[in-house]
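Before any comments, here is the structure.
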Amino acid sequence: MEVGRRQAKISQSVKFSDAEPMKPHKQHQNLHPKASDALPLPLYLTNGLFFTMFFSVMYFLLTRWREKIRNSTPLHVVTLSELAALISLLASIIYLLGFFGIDFVQSVIYRSNEEDVWDVEEEENEKFIIEEDSRLGASAATTLGCAVPPPPALQVVPMVPPQPTKVSVKAAPLISPQSTEEDEQIVNSVVEGKIPSYSLESKLGDCKRAASIRREALQRITGKSLEGLPLEGFDYESILGQCCEMPVGYVQIPVGIVGPLLLNGTEYTVPMATTEGCLVASTNRGCKAIYASGGAIGTLLKDGMTRAPVVRFDTAKRAAELKFFLENPLNYDTLSVVFNKSSRFGRLQGIQCAMAGKNLYIRFTCSTGDAMGMNMVSKGVQNVLDYLGNDFPDMDVIGISGNFCSDKKPAAVNWIEGRGKSVVCEAIIKEEIVKKVLKTSVASLVELNMLKNLAGSAIAGSLGGFNAHASNIVSAVFLATGQDPAQNIESSHCITMMEAVNDGKDLHISVTMPSIEVGTVGGGTQLASQSACLNLLGVKGASKELPGSNARLLATIVAGSVLAGELSLMSAIAAGQLSTLSFAQRSGAHVLEFLRYLDQFGKTKVHTQLYPFFGHPNPPAPCPCPLRQAWGSLDALIGRLRAAYEENGGKPETNPFGARAVRLYLREVRDSQSKARGISYEKKKRKRPSQQQPP
């Protein structure tokens, strides 16, 4: 049994003009006649007539019945006037019921048929649709990659006012290959506000089709094109009710890999989703240095997600009484039983309280298995609050979260107490690796770390930011593995320490991260791309042998990746390599800088204008004029470099050696040297082979 839209049935008596297309609201009126159309008089006159008849007849009958009661006359004895009045009363009642009842029901039914008719298709309608689609298939129009026939008779007028001349985008109507007219009508209904955009998935039962219709409606309403935003190739069913509402496409983020990262004796290939150039390459260099030095060691210090509701009492004394009750060890077991009923993985670990006047903030900490655990801990907290309401009926729960948690905000409580997974990762980098791979020295790294990561961050008043760029690596791994990107804020809390060991020869580096909030189940981890990245790390889904081990391992890998990123970036800064650009990032200005630097090592005497030998090709005596690079040598060098750049995959339009500024500079050098040395540089003309005249 398939669920779909009913095919619109258009009355044969309705004709559409080719010259003047009918507007949607007029089509609606003609296709569905109202009950009031059968009245011979205008609607307001008919309503006034029957209302007057109803009240006047009621007044007449009530007056007559009162007289009969006073005179003891039987009520069933009626005169001709009373009989006529009863008939008029019955007629007016029937009309009023029909006007307020039938017309209302009819409008609801028609609106349902037009906007919400998602019903089971009958065999007749299915055959009719198939025949129509096959008959009109030859004249299919292509819209957003879908080739389907246009509406045969209806000409839809866009409901959006014309855009200014600057806007050159014309959004073509989105047409689904399943039912052309139906999708066009739905788009128009969304544009006109008859169908809420958020309800398309539930009404259509097809998330991909709903996204396509919503996308087209958005283009018509805004007049802006979404051509660069991809729509195809994504499973919209997987995000319904979990990851994203009202989707119109998806954003592409490239994923690179770093590694192998040798961590606790195991090699990991770490995926990183980022648009920042050199981030993956830099982190990969750090992994190489760690691997060559024997690997890194990661240690999990703590694992507990937090949630802190805020409650209020009439007095601060009552708030303090609840605080003492929660902190009493004798009550902990009871509270644990109440809390743990919410999940088989959520286990209460501790309760921390803080007061502000008569307000009490209660910070619950619990284990959450392989899930990140925000929903899990929230359910347990709600159970405890319901239980406390029995003993503290005057407790007013202001909010399930009072920001003492603290979630998605930099907070000292997370930096000190930790939240999620607390991890420390360390490695000893050998002296020869520091010199050969990282191109710097141990002493330079230690000094730079102290002045930059420690003293510099302290001067800036940093909170948990005593590092070089931990958030870079955390964000990239979070995006690749389906974590909550907003939790990068507290998850990037990190302090990087460097120290010279083994008589100052080797480098000991460590990163301490107290609040890495990750999970391997739920949320974005179930999406296909993110699930594949988790599978690459060997932490996909929940661990059956040891619940929570996959999430803890993922947090350790994140810390190890941050260690590699910190090591590489700090080395680049210490060696002065941070601003070094690749050829693809260079411009003609960099080439000119290179040529001016090269010019000072030339061997060609170039006379100055104040010297008497200026303009003489062969001066009779030595002169103190400077030595420069000959123009011919510079021109030949730039030509070879330009050709080599393009031979190695470079694009001609981005070739820095072919920039206009470089050509102008070489021309100036040629002209100045020609005047100074008295040698005219003429471009050699190629000899063309003589063409033999045919006999």
Scanning both residues in full, the closest heavy-atom pair of Thr481 with Thr525 reads O-CG2, 3.6 Å

CG (Leu454) and CG (Asn449) are apart, to the nearest 0.5 Å, by 5.0 Å

Any chance you could lay out the side chain to side chain contact (heavy atoms under 4.5 Å, CB included) test for Ile351 and Leu335, step after step, and finish with the verdict? CA-CA 10 Å; Ile351 302 175; Leu335 295 174; 3.8 Å; yes

Between the CG atom in Asn383 and the OG atom in Ser378, the distance rounded to the nearest 0.5 Å is 11.0 Å

Enclosure of Tyr291 OH (heavy-atom neighbours >12, cutoff 6.0 Å)
no

Item to check | Test side chain to side chain contact (heavy atoms under 4.5 Å, CB included) applied to Gln530 and Leu527, step by step | outcome: CA-CA 5 Å; Gln530 288 80 348; Leu527 300 179; 3.3 Å; yes

Decide, yes or no, whether a salt bridge links Lys421 with Asp303 under the criterion of side-chain N to carboxylate O below 4.0 Å. yes

For Phe325, the ring pair (Phe, Tyr, Trp, His ring centres under 6.0 Å) test, sequence neighbours excluded, returns Phe392

Output for pair (Leu261 CG, Lys288 NZ), nearest 0.5 Å, gives 15.5 Å

Residues 355-370 vs side-chain hydrogen bond (donor to acceptor under 3.5 Å, both in side chains), sequence neighbours excluded, gives Arg363-Asn414

* Side chain of Gln483, backbone of Gly519: donor and acceptor closer than 3.5 Å? -> yes

Rounded to the nearest 0.5 angstrom, the CD1-SG distance for Ile290 and Cys425 is 7.0 Å

The complete set of side-chain hydrogen bond (donor to acceptor under 3.5 Å, both in side chains) pairs with one or both residues in residues 234-259, sequence neighbours excluded, reads Gln242-Gln526

Checking Ser492 side chain against Ile489 main chain: does a donor-acceptor pair fall under 3.5 Å?
no

Across all chains, not counting sequence neighbours, the side-chain hydrogen bond (donor to acceptor under 3.5 Å, both in side chains) partners of Lys323 are Glu327

Those residues at least two apart in sequence (or on a different chain) that pass salt bridge (Lys or Arg N to Asp or Glu O under 4.0 Å) with Lys435 are Glu431

Report task. Find out whether Ser422 and Ile516 are in side-chain contact, i.e. whether some heavy atom of one side chain is under 4.5 Å from a heavy atom of the other. Result -> no

Considering only heavy atoms from C-beta outward, does the side chain of Met374 approach that of Arg307 to under 4.5 Å?
yes

Asn403 meets the side-chain contact (heavy atoms from CB on, under 4.5 Å) criterion, sequence neighbours left out, with Ser401, Lys409

### Query
Does Leu507 reach the side chain of Met498, with side-chain heavy atoms less than 4.5 Å apart?
yes

Checklist line | Residue pair Ser475 / Asn488, side-chain donor-acceptor N/O under 3.5 Å | finding: yes

Report yes if some heavy atom in the side chain of Phe404 is under 4.5 Å from a heavy atom in the side chain of Val310; otherwise report no. no

Residues at least two apart in sequence or cross-chain that pass salt bridge (Lys or Arg N to Asp or Glu O under 4.0 Å) with Asp391, listed by chain then number, are none

Residues passing the salt bridge (Lys or Arg N to Asp or Glu O under 4.0 Å) test with Lys408, sequence neighbours excluded, are Asp484

Report the C-alpha distance between Asn264 and Thr266 in whole Å, list the side-chain angles of each, state the deciding distance to 0.1 Å, and finish with yes or no for side chain to side chain contact (heavy atoms under 4.5 Å, CB included).
-> CA-CA 6 Å; Asn264 293 335; Thr266 306; 5.5 Å; no

side-chain hydrogen bond (donor to acceptor under 3.5 Å, both in side chains) pairs touching residues 455-471, sequence neighbours excluded, are His469-Asn472

Residues passing the side-chain hydrogen bond (donor to acceptor under 3.5 Å, both in side chains) test with Ser441, sequence neighbours excluded, are Ser444

field: Sub-4.5 Å side-chain heavy-atom contact between Leu554 and Leu537
entry: yes

The reported gap from CG in Leu563 to CD1 in Ile557 (rounded to nearest 0.5 angstrom) is 13.5 Å

Between the OH atom in Tyr268 and the SG atom in Cys287, the distance rounded to the nearest 0.5 Å is 13.0 Å

* Give the intermediate values and the outcome of side chain to side chain contact (heavy atoms under 4.5 Å, CB included) for residues Glu499 and Val446. => CA-CA 6 Å; Glu499 181 182 351; Val446 173; 5.6 Å; no

Across all chains, not counting sequence neighbours, the side-chain hydrogen bond (donor to acceptor under 3.5 Å, both in side chains) partners of Thr512 are none

message = Please check: side-chain N/O of Ser342 versus main-chain N/O of Phe339, any donor-acceptor pairing under 3.5 Å?
response = yes

Between Leu326 and Leu388, is there a side-chain heavy-atom distance shorter than 4.5 Å?
yes

From the list Arg209, Arg214, Lys208, salt bridge (charged side-chain N to carboxylate O under 4.0 Å, His left out) with Glu201 holds only for Arg214

- Return yes when atom CD1 of Ile257 has more than 12 non-hydrogen atoms of other residues, nucleotides or ligands closer than 6.0 Å, and no otherwise. no

query = Would you say Tyr198 has more than 12 foreign heavy atoms packed within less than 6.0 Å of its OH?
reply = no

Closest non-hydrogen contact found for Asp506 with Val442 is O-CG1, 3.6 Å

Can you check whether Phe324's main-chain N or O pairs, donor with acceptor, with Asn328's side chain at less than 3.5 Å? no

| query | Are Arg347 and Cys366 close enough that some pair of their side-chain heavy atoms sits under 4.5 Å apart? | reply | no

Contacts of Thr306 meeting side-chain hydrogen bond (donor to acceptor under 3.5 Å, both in side chains) (sequence neighbours excluded), chain-then-number -> Arg419

Only one of Val424, Val474, Leu301, Thr556 passes side chain to side chain contact (heavy atoms under 4.5 Å, CB included) with Met513, and that residue is Val474

Within-4.5 Å side-chain heavy-atom neighbours: Val311 and Asp396: no

